[in-house]
Amino acid sequence: MGVNSNRVEHLACCSMKIQSEIQMAMPALEIHKVQLPPERTTLQKLRHRLSEIFFPDDPLHKFKNQTCFMKLLLTLQYLFPIFQWAPLYNLSLLRSDIISGLTIASLAIPQGISYAKLANLPPILGLYSSFVPPLIYSLLGSSRHLGVGPVSIASLVMGSMLSETVSYSQDPTLYLKMAFTATFFAGLFQSSLGILRLGFVIDFLSKATLVGFMAGAAIIVSLQQLKGLLGIVHFTNKMQITPVLISVFKQRDEWSWQNLLLGFSFLLLLLTTRHISLKKPKLFWVSAAAPLTSVILSTILVFILRNKAHKIAIIGELPKGLNPPSSNMLYFNGPYLALALKTGLVTGILSLTEGIAVGRTFAALKNYQVDGNKEMMAIGLMNIAGSCSSCYVTTGSFSRSAVNFNAGAQTAVSNIIMASAVLVTLLFLMPLFYYTPNVVLAAIIITAVVGLIDYQAAYKLWKVDKLDFLACLCSFFGVLFISVPLGLGIAVGISVFKILLHVSRPNTLVLGNIPGTPIFHNLNQYREALRIPSFIILAVESPIYFANSTYLQERILRWVREEEERVKANNESTLKCIILDMTAVTAIDTSGIDILCELRKVLDKRSLQLVLANPVGNVMEKLHQSNILDSFGLKGVYLTVGEAVADISSTWKAQP
């Protein structure tokens with residue numbers, strides 16, 4: 001009995017010591033009244049909210065206090081970024097852009113041919129898509145380094161989605177109509193996002209899900225190229241890993257040693273040059289020139305051995321001349337319209353995400369900004385124009401942009417130089433590609449997509465966030481074993497689920513006082529933080545909405561129950577007050593307000609006081625308008641946790 005009495009006295013002394021330390025940390029504490037924000041009409045609130053949602057960058061700030069002529073000039077510069085840098089353009093910049101433009105042309109020509117085959121399209125469409133879209137982007141785009149053209153992932157997705165319903169070999173005209181119409185819808189979707197400033201839609205593809213999706217797609221693309229590397233004629237059209245591997249080994253009798261030897265020789269060459277450029281960035285031109293060099297060497301070799309190497313499939317004749325118009329092939333009515341619309345939406349999202357991410361990456365390296373909404377409009381409009389000029393979906397390519405950057409590109413003129421080189425190729429050099437072997441195109445594709453497998457990013461996800469790593473794995477295996485479109489759907493679904501999980505199950509923390517300061521922080525994070533006797537201080541780290549209000553009520557009551565059990569077990573001072581730190585509660589709705597009111601009533605019946613600390617402006621405004629503050633009384637809302645603890649403690653001391 002004496003031991004228990006001594007323990008109680010010791011705990012009481014500790015409680016007094018903690019409270020005295022808080023008072024010493026705040027010697028002349030003044031209790032501040034929590035103020036309401038300035039009154040605004042409903043229209044003003046709506047205007048402010050819409051401005052924050054759709055115009056966070058305030059694009060019209062440059063137009064303030066300007067003359068009519070300057071406003072016209074600024075409008076032209078906003079719509080056509082070329083008017084920003086063209087007046088300052090000089091020969092020095094032109095020299096750099098010519099070098100970089102010709103360098104990426106050497107990469108774009110073989111890649112364009114290869115990626116078109118990846119989309120099950122005629123190879124010439126890859127060159128068409130490397131001519132018109134870069135010209136349009138150079139007028140409308142805001143990135144100085146983005147190299148525009150076909151990309152592997154969009155090509156793969158388009159090819160896989162269209163081939164599920166339409167076969168190019170059986171009905172090439174219908175397949176081309178679907179490809180051009182899907183490109184039109186992709187461009188329409190992309191430009192609409194930019195015009196309506198709805199770019200946040202693509203943010204639902206998180207980095208974690210994209211890492212998994214890209215890696216899975218890269219593996220599928222690489223396995224599909226075994227058809228060319230091995231010389232297989234009868235190959236599956238399915239894009240899942242299992243049927244592809246079955247098809248590879250089932251057709252062993254079609255394997256060709258000539259294809260194997262030629263293909264793996266050039267694959268080794270391409271991978272070696274890629275490795276050299278990664279190890280020594282100054283030698284970027286080695287990997288940039290390797291694809292075109294491989295095409296030239298393999299074409300010469302096959303031409304010399306044309307009478308002996310019959311099993312090596314070649315591109316064949318490619319038509320000379322400029323892009324033929326294809327607006328008459330757009331398909332807006334019929335049973336396949338839904339297929340074109342779905343394919344355009346998926347490829348549009350993927351290409352837009354890649355293009356903007358690549359543009360921002362290189363803009364950050366040169367300390368300038370890329371306007372996301374302008375990029376959406378530029379990429380969208382170039383795809384709409386491309387759909388009318390025999391092009392399929394294009395965007396900013398990471399490999400071309402990296403080469404463009406390393407080659408010293410200064411402006412979007414490098415895209416014009418590249419397009420000019422492609423134009424010369426289309427007009428005069430097409431016959432030279434007749435004997436280009438398909439096996440080399442397969443090697444070029446494999447080399448390009450290998451870089452999409454970012455195992456370091458996956459390892460970082462595992463170390464930093466296990467839930468992100470799980471999302472990465474789900475999208476990866478979804479692409480490998482289900483399908484590329486469904487894999488993308490899984491990626492988006494997991495991203496949305498993660499958002500819902502964070503919103504519906506927010507963090508709640510118990511806070512303690514850092515000794516000698518008026519600061520209150522997480523007890524688990526700061527071991528030196530001390531509990532305040534008779535108080536439990538809880539922090540909510542999210543808005544309080546209908547989606548999480550019931551959970552928060554249950555979680556807060558559980559915290560209170562656990563605190564009462566802890567107090568009873570340690571014979572500490574009885575719990576009297578719950579302080580809810582609302583610093584991180586950025587918004588509240590009517591469901592959240594009702595839960596606070598109900599929580600106060602429940603705790604009041606148990607003789608416990610609920611106090612709110614530091615509600616932010618719009619939360620305080622809603623609490624005031626709902627009249628809930630009347631039920632909390634004069635000592636129910638405080639500016640800080642420290643003021644709440646000090647004022648309530650002094651009230652208890654004043655009581656007899």
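Sequential numbering from 1 along the given sequence is applied to the chain's residues. Heavy-atom basis, side chains included; hydrogens, waters and symmetry copies ignored.
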Donor-acceptor under 3.5 Å (Ser247 side chain, Pro243 main chain) | no
Could you check whether the rings of Phe469 and Trp462 sit parallel, tilted or perpendicular, using 30° and 60° as the cut-offs?
-> perpendicular
Report yes if the side chains of Leu107 and Thr103 come closer than 4.5 Å at any heavy-atom pair, otherwise no.
-> no
If we only count heavy atoms from C-beta on, is the Phe362 to Ser143 side-chain gap below 4.5 Å?
-> no
Please work out whether the ring planes of Phe332 and Phe184 are parallel, tilted or perpendicular, with thresholds of 30° and 60°.
-> perpendicular
What residues, two or more places apart in sequence or in another chain, satisfy salt bridge (Lys or Arg N to Asp or Glu O under 4.0 Å) together with Arg558?
-> Glu562
In this structure, are over 12 heavy atoms from other groups packed under 6.0 Å from Tyr551 atom OH?
-> yes
Between Gly126 and Ala116, which heavy-atom pair has the shortest distance, and what is it?
-> N-CB, 3.5 Å
Sub-4.5 Å side-chain heavy-atom contact between Asp589 and Ile544 = no
Interatomic distance, Ser294 atom OG to Leu267 atom CG [nearest 0.5 angstrom] | 9.5 Å
Taking all heavy atoms of Leu188 and all of Ser191, pick out the closest pair and write down the distance.
-> O-OG, 3.2 Å
Going from CZ on Arg400 to CG on Leu146, what distance comes out if it is rounded to the nearest 0.5 angstrom?
-> 10.5 Å
Could you give me the CA-CA distance, side-chain angles and deciding distance for Leu345 and Leu341, then say whether side chain to side chain contact (heavy atoms under 4.5 Å, CB included) is met?
-> CA-CA 6 Å; Leu345 184 65; Leu341 186 59; 5.9 Å; no
Distance in Å, Asp468 CG paired with Leu473 CG, rounded so as to fall on 0.5 Å steps = 11.0 Å
In short, salt bridge (Lys or Arg N to Asp or Glu O under 4.0 Å) pairs touching residues 378-390 with sequence neighbours left out are none
Write down the atom of Phe546, the atom of Ser549, and the distance for their closest heavy-atom approach.
-> O-OG, 3.6 Å
Side chain to side chain contact (heavy atoms under 4.5 Å, CB included) between Leu260 and Leu230: does it pass, once the steps are laid out?
-> CA-CA 5 Å; Leu260 271 168; Leu230 300 175; 3.2 Å; yes
Check against side chain to side chain contact (heavy atoms under 4.5 Å, CB included), Phe185 and Thr347 | CA-CA 9 Å; Phe185 283 127; Thr347 55; over 6 Å; no
Is there side-chain contact between Leu125 and Leu176, with heavy atoms separated by less than 4.5 Å?
-> yes
How long is the span from the CD1 atom in Ile445 to the CG atom in Leu118, to the nearest 0.5 Å?
-> 5.0 Å
When rounded to the nearest 0.5 angstrom, what is the spacing between OG in Ser591 and CG in Leu552?
-> 11.5 Å
List the atom pairs, with distances to 0.1 Å, where a side-chain N or O of residues 383-390 and a protein N or O form a donor-acceptor pair under 3.5 Å, not counting sequence neighbours.
{"unit_1": "Asn383", "atom_1": "OD1", "unit_2": "Thr394", "atom_2": "N", "d": "2.9"}
{"unit_1": "Asn383", "atom_1": "OD1", "unit_2": "Thr394", "atom_2": "OG1", "d": "3.2"}
{"unit_1": "Asn383", "atom_1": "ND2", "unit_2": "Gln190", "atom_2": "OE1", "d": "2.9"}
{"unit_1": "Asn383", "atom_1": "ND2", "unit_2": "Ile379", "atom_2": "O", "d": "3.2"}
{"unit_1": "Asn383", "atom_1": "ND2", "unit_2": "Thr394", "atom_2": "O", "d": "3.2"}
{"unit_1": "Ser387", "atom_1": "OG", "unit_2": "Ile384", "atom_2": "O", "d": "2.6"}
{"unit_1": "Ser389", "atom_1": "OG", "unit_2": "Ala385", "atom_2": "O", "d": "3.0"}
{"unit_1": "Ser389", "atom_1": "OG", "unit_2": "Gly386", "atom_2": "O", "d": "3.4"}
{"unit_1": "Ser390", "atom_1": "OG", "unit_2": "Pro324", "atom_2": "O", "d": "2.6"}

For the residue pair Phe189 and Ile349, establish whether any side-chain heavy-atom pair is separated by less than 4.5 Å.
-> yes
Using a cut-off of 6.0 Å, state whether more than 12 heavy atoms not belonging to Trp285 lie near its atom CH2.
-> no
With Asp465, which residues qualify under salt bridge (Lys or Arg N to Asp or Glu O under 4.0 Å), at least two apart?
-> Lys498
For residues Leu127 and Ile113, determine if any side-chain heavy atom of one lies less than 4.5 Å from a side-chain heavy atom of the other.
-> yes
Evaluate the ring planes of His521 and Tyr526, with Trp represented by its six-membered ring, and classify them as parallel (under 30°), tilted (30 to 60°) or perpendicular (over 60°).
-> tilted
For Leu486, does its backbone N or O pair with a side-chain atom of Ser483 as donor and acceptor, under 3.5 Å?
-> yes
For Tyr368, does the OH atom sit with more than 12 other heavy atoms under 6.0 Å from it, leaving out its own atoms?
-> yes
Does the gap between the ring centers of Phe398 and Phe405 come in under 6.0 Å?
-> no
Side chains of Val295 and Ile444: closer than 4.5 Å at any heavy-atom pair?
-> yes
Does Gly149 offer a backbone N or O that forms a donor-acceptor pair with the side chain of Ser129 under 3.5 Å?
-> no
Under 6.0 Å from the OH atom of Tyr336, do we count more than 12 heavy atoms belonging to anything else shown?
-> no
Between Ser414 and Arg144, the two heavy atoms sitting closest are OG-O, 4.4 Å
Check the pair Thr447, Leu271 against side chain to side chain contact (heavy atoms under 4.5 Å, CB included), reporting the backbone distance first and the verdict last.
-> CA-CA 6 Å; Thr447 307; Leu271 291 174; 4.2 Å; yes
Do you know the tightest heavy-atom contact between Leu461 and Cys472?
-> CD1-CB, 3.9 Å
Verify the distance criterion only: is there a donor paired with an acceptor across the side chains of Asn120 and Ser163 at less than 3.5 Å?
-> yes
Tabulate below the donor-acceptor pairs under 3.5 Å that side-chain atoms of residues 211-226 make, not counting sequence neighbours, or state none.
{"unit_1": "Ser222", "atom_1": "OG", "unit_2": "Ala218", "atom_2": "O", "d": "2.8"}
{"unit_1": "Gln224", "atom_1": "NE2", "unit_2": "Lys238", "atom_2": "O", "d": "2.9"}
{"unit_1": "Gln225", "atom_1": "NE2", "unit_2": "Val221", "atom_2": "O", "d": "3.3"}

Between Ile588 and Gly592, which heavy-atom pair has the shortest distance, and what is it?
-> CD1-C, 3.8 Å
To the nearest 0.5 angstrom, please state how far the CG atom of Leu470 sits from the OG atom of Ser475.
-> 9.5 Å
Selection residues 103-141 - residue pairs positive for ring pair (Phe, Tyr, Trp, His ring centres under 6.0 Å), sequence neighbours left out | none
Determine whether Ile356 and Val370 make a side-chain contact, defined as any pair of heavy atoms from C-beta on separated by less than 4.5 Å.
-> no
Exceeds 12 heavy-atom contacts within 6.0 angstrom, atom NZ of Lys466 | yes
